Amino acid sequence: MLENKQTQDSYFSFKLSSVTFSLPVKYVREVFEFEKITPIPNSLDYLKGVMNVRGNVVSIADFRMLFGFECSEDLKGTQIIIMEIPRAGGEKPFPLGIIADSVDVVSPLNLVSAESKAYGITEDKAKFVTAVARRDDEFILVLNPEKILEFIESDVSRAVDLLALGRQI
């Protein structure tokens with residue numbers, strides 16, 4: 001892992017429950033207060049549905065559920081962060097909206113050496129964390145959007161296969 005190192009890049013920070021996460025700002029396109037989401041039948045629990053963003057249909061994932069936090073079905077007061085995640089082979093970037101409890105700041109981060117990248121999330125989701133940063137007395141988990149998208153696509157594919165076999169997801 002990295003020794004303590006101040007980044008030159010900017011990161012967009014947000015909260016899920018009491019844990020602060022961050023994304024490289026290059027992935028973040030815009031942030032909305034919660035708006036109506038159209039549910040998708042037979043979808044995975046953390047995939048809340050889709051919404052229209054400037055004429056484009058964007059899938060919305062509740063990262064609070066994805067990371068195993070307790071969360072209310074009432075989404076009033078939450079934020080939706082719209083990301084564009086690059087894809088291999090020159091395909092068009094994948095738009096993904098994520099639900100967060102609140103958004104924080106855009107700033108460089110002080111990456112720190114850490115033995116664990118779990119810090120309040122389930123160990124199986126720690127693979128989505130590329131680094132740990134620190135701001136004052138707070139640890140921040142830096143996410144890798146490509147790994148998250150890879151997981152979601154694999155999870156959706158597995159769910160589709162189960163549905164094709166006539167099983168519930």
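Note that the structure is a prediction, hence the values are computed from the model and not measured. Below, each value reflects all heavy atoms present in this structure, side chains not excepted, and no hydrogens, waters or symmetry copies.
Counting heavy atoms from C-beta on, the side chains of Asp104 and Arg135 come closer than 4.5 Å. At a threshold of 4.5 Å between non-hydrogen side-chain atoms, the residues Ile148 and Ile85 do not count as touching. Within the 4.5 Å cutoff, no side-chain heavy atoms of Val132 are placed close to those of Val142.
Below 30°, between 30° and 60°, or above 60°: for Phe67 and Phe63 the angle between ring planes is above 60°, a perpendicular geometry.
Taken to the nearest 0.5 Å, the CD atom of Glu146 stands 12.5 Å off from the CZ atom of Phe128. Atoms CG and CD1, on Asn110 and Ile140 in that order, are 9.5 Å from each other to the nearest 0.5 Å. The OG atom of Ser22 lies 7.5 Å from the CZ atom of Phe14; values are rounded to the nearest 0.5 Å. Separation of atoms CG (Asp45) and CE (Met65) is listed at 4.5 Å; rounding is to 0.5 Å. To the nearest 0.5 Å, atom CG of residue Asp62 and atom NZ of residue Lys48 are 5.5 Å apart. A distance of 11.5 Å separates CG in Asp9 from OG in Ser107, rounded to the nearest 0.5 Å.
Taking the charged nitrogens against the carboxylate oxygens, Lys127 and Glu150 have no contact shorter than 4.0 Å, which rules out a salt bridge.
Considering Gln79, Lys15, Arg64 in turn, Arg64 is the only one that fulfils the side chain to side chain donor-acceptor pair (under 3.5 Å) rule with Asp101. Of the residues Leu143, Asn144, Leu111, Leu141, the one that meets the side-chain contact (heavy atoms from CB on, under 4.5 Å) test with Thr130 is Asn144.
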Audit row: Ile152, Leu96, side chain to side chain contact (heavy atoms under 4.5 Å, CB included) steps and yes/no: CA-CA 10 Å; Ile152 291 172; Leu96 178 66; 4.0 Å; yes
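Taking both residues in full, the closest heavy atoms of Leu23 and Pro145 are given as CD2-CG, 3.7 Å, listed atom of the first, atom of the second, then distance.
Put simply, Phe21 and Ile80 are part of two different groups of oily side chains (I, L, V, M, F, W, Y) that touch within less than 4.5 Å, one to the next. Cluster annotation: Val53 and Val50 are assigned to distinct hydrophobic clusters (Ile/Leu/Val/Met/Phe/Trp/Tyr, side-chain heavy-atom contacts under 4.5 Å, transitive). Hydrophobic clustering (ILVMFWY, side-chain heavy atoms < 4.5 Å, transitive): Met51 and Ile40 are in distinct clusters. Phe34 and Met83 fall into different hydrophobic clusters, defined by Ile, Leu, Val, Met, Phe, Trp and Tyr side-chain heavy atoms under 4.5 Å apart, directly or through other members. Under a hydrophobic clustering in which Ile, Leu, Val, Met, Phe, Trp and Tyr are joined whenever their side-chain heavy atoms come within less than 4.5 Å, directly or via other members, Tyr46 and Ile99 fall into different clusters.
When the shell of 6.0 Å around CD of Glu70 is examined, it contains 12 or fewer heavy atoms from other residues, nucleotides or ligands.
Although no hydrogens or angles enter the test, the distance criterion places no donor-acceptor pair under 3.5 Å between the side chain of Asp136 and the main chain of Glu138. Judged by distance alone, the side chain of Ser10 and the main-chain N or O of Pro108 form no donor-acceptor pair under 3.5 Å.
Partners of Ser59 under the side-chain hydrogen bond (donor to acceptor under 3.5 Å, both in side chains) rule, at least two apart in sequence or in another chain, do not exist in this structure.
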